[in-house]
Amino acid sequence: DNGTCAIFLKQLGDASSNASRVECNTVTKGRGDAVMIEKSPVHLSANHLQMPGVRGIWIDGRGGNSGMPEFTITDNQISGASSTGIEVIG
């Protein structure tokens, strides 16, 4: 549900050369997931996710024709998530 997350990227393609960049964001005291990525190549870097609610980062790559889109997760700080810091499905 993208109504309860701070950053939501959905089906932005499969090519890693077209990856979105999510950098230097601060999310504090959220209700759901801080960052949700669905079937999109992405680079997540230097984000500060404090008490995001459920999960800090959730990536779902299921259902794509070419498999899981490429992603990188580097130098993110996640604290206080009620479920998981990072969850990857796919």
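Keep in mind that this is a model prediction, so the values were computed, not measured.
- Of all non-hydrogen atoms in Gly56 and Ala81, the two that sit nearest each other are N-CB, 4.2 Å.
- Ser83 places no side-chain N or O within 3.5 Å of a backbone atom of Val54 that could act as its donor or acceptor partner.
- Residues Ile59 and Leu44 meet the side-chain proximity criterion, which asks for heavy atoms closer than 4.5 Å.
- A donor-acceptor pair under 3.5 Å links the side-chain atoms of Asp33 to the main chain of Arg55, judged by distance alone.
- In this structure, the separation between CZ on Phe8 and CE on Met36 is 5.0 Å, given to the nearest 0.5 Å.
- Taken to the nearest 0.5 Å, the NZ atom of Lys10 stands 10.5 Å off from the CG atom of Asp60.
- Here the NE2 atom belonging to His43 is positioned 5.0 Å from the OG1 atom belonging to Thr72, to the nearest 0.5 angstrom.
- For Asn47, the side-chain hydrogen bond (donor to acceptor under 3.5 Å, both in side chains) partners are Asn25, Asn76, not counting sequence neighbours.
- The line from CZ of Phe71 to OG of Ser40 is 12.5 Å long, rounded to the nearest 0.5 Å.
- In terms of heavy atoms, Pro52 sits closest to Ser79 at CD-O, 3.5 Å.
- Listed by chain and number, the residues in a side-chain hydrogen bond (donor to acceptor under 3.5 Å, both in side chains) with Glu23 are Arg21 (sequence neighbours excluded).
- Every residue two or more places apart in sequence or in another chain that forms a side-chain contact (heavy atoms from CB on, under 4.5 Å) with Thr26 is listed here: Thr28, His48.
- Partner of Leu49 under the side chain to side chain contact (heavy atoms under 4.5 Å, CB included) criterion, chosen from Ile86, Ile7, Val27: Val27.
- Counting only heavy atoms from C-beta outward, the side chains of Ile73 and Ile57 approach each other to under 4.5 Å.
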